[in-house]
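These notes concern the structure reproduced below.
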2 protein chains.
Amino acid sequence: MVVLQVVHYKTMIRDLNMELYGGIIGLLFLVFGIWLGTSSFRKRESVKYDAGKLGLSKREVEVLQLLSEGFSNQEVADRLFVSLNTAKTHISNIYSKLNVKRRTQAIQKARDLALITPSKE
Amino acid sequence: MVVLQVVHYKTMIRDLNMELYGGIIGLLFLVFGIWLGTSSFRKRESVKYDAGKLGLSKREVEVLQLLSEGFSNQEVADRLFVSLNTAKTHISNIYSKLNVKRRTQAIQKARDLALITPSKE
DNA sequence: TGCTAAATCACCCGAAAGAATGATCTAAAA
DNA sequence: TTTTAGATCATTCTTTCGGGTGATTTAGCA
């Protein structure tokens, strides 16, 4: 009987350890699962990288950002404290660098390439 | 010794069960974690609902979709097999219903309200 | 120190976009 | 059947966009 009790005691110890292990491993699985779930939905964010690749200057990226927020040429000019003509020059340069014809297309491309910061989504 | 062996045998059985349980519970945690991770990143999608609320006709939603894809007025007209004037009329009506002044703002609002189908993202 | 890229601004011109208004036609609802 | 909403198209007019070109200034690089 003593033998049995000793054995039983050992298994109880082991049970406790198992519970602890179970909890920890469960947590690990949980964390791993959350990581899996979120990482598949996270988007890569590389602003300066793509912008530099396309030859966009930081001023042009600023303009692009404002364009994407729905501002007119004049509003962009006002917000950057430059003349309308300057704003137009930047915008034209953006079009040629992005290889597009219209501002809507530029905005589209900027979104696709993650050149700009989305306001909502 | 027979007793010991029997007890040992039982614990082995239990160990096997524990491994199974552990695996299953781990899987459950994993699934739950993935669910947690993804659900916090999923977006609501209600197309016809908001469109109706704003009083947009289905034709206008069609036009809005094309606008968001970067098409010019003429291209929208061509794609819907209507005249340029008709396209412009639709677009104007969209602006007043969305309470915006420019097409870029209309596109923005349409995206925010999930009135349109995003091409990429 | 000269070269170069970036940023700034100007002027001109044509095309596109947008506002305002009115008209016709059709299908569905009252 | 009469109303009504949606879709269609037109005309006129103003504003905005976009292309093309050239000039000046400044800051960093070779």
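In what follows, chains are A, B, ... by sequence order, proteins preceding strands, each numbered from 1.
- Here the P atom of nucleotide dT8(D) and the CG atom of Asp78(B) are 14 Å apart, to the nearest Å.
- Regarding Phe71(A), its CZ atom lies at a distance of 17 Å from the C1' atom of dT16(D), rounded to whole Å.
- To the nearest 0.5 Å, atoms CD (Gln65(A)) and CG (Leu67(A)) are separated by 9.5 Å.
- Thr89(A) and Thr86(A) share no side-chain donor-acceptor pair at under 3.5 Å.
- Two residues are said to be in side-chain contact when any heavy atoms from C-beta on lie closer than 4.5 Å; Ile116(B) and Val61(B) fail this criterion.
- Side-chain nitrogen and oxygen atoms of Ser57(B) include at least one within less than 4.0 Å of the OP1 or OP2 phosphate oxygen of dA7(D).
- At the phosphate of dT8(D), neither OP1 nor OP2 sits under 4.0 Å from any side-chain N or O atom of Thr86(B).
- If you check dC17(D), dC9(C), dA17(C) against the side chain of Asn85(A), the one that comes closest is dC9(C).
- Residue Lys88(B) is classed as a base contact, given a heavy-atom separation below 4.0 Å to a base.
- Seen from the ring of Phe71(A), Arg79(A) counts as a face-on cation partner, given the 6.0 Å and 45° thresholds.
- Listed nucleotides: dC9(D), dT8(C), dG18(C). Nearest to the side chain of Val82(A): dT8(C).
- Atom NE2 in His90(B) sits about 16 Å away from atom P in dA19(C), given to the nearest Å.
- The distance from atom CG of Leu84(B) to atom C1' of dA17(C) is 9 Å, rounded to the nearest whole Å.
- At a threshold of 4.0 Å, the pair Glu75(A)-Lys101(B) does not count as salt-bridged, since none of the basic side-chain nitrogens sits closer than that to a carboxylate oxygen.
- Distances from the side chain of Arg102(B) to the nucleotides dG18(C), dG19(D), dA7(D) place dG18(C) closest.
- Residue contacts for Thr89(A): at a heavy-atom cut-off of 4.0 Å it reaches a base atom on one of the strands shown.
- Rounding to whole angstrom units, CD of residue Glu62(B) and C1' of dT8(D) are separated by 14 Å.
- Spacing between atom NZ of Lys101(B) and atom P of dT14(D) amounts to 17 Å, rounded to whole angstrom units.
- The residue Ser83(A) sits close only to the backbone: its heavy atoms come under 4.0 Å of sugar-phosphate atoms, none of a base.
- At dT16(D), none of the side-chain N or O atoms of Asn73(A) fall inside 4.0 Å of OP1 or OP2 (strictly under the cut-off).
- Checking dG19(D), dG18(C), dT8(D) against the side-chain heavy atoms of Tyr95(A) singles out dG19(D) as nearest.
- Residue Arg59(B) contributes atom CZ, which lies 9 Å from atom P of dC9(D) at whole-angstrom precision.
- In this structure, Arg103(A) does not reach the dT16(D) phosphate: none of its side-chain N or O atoms is under 4.0 Å from OP1 or OP2.
- Taking atom CG on Asn93(A) and atom P on dT21(D), their separation rounds to 14 Å, with Å as the unit.
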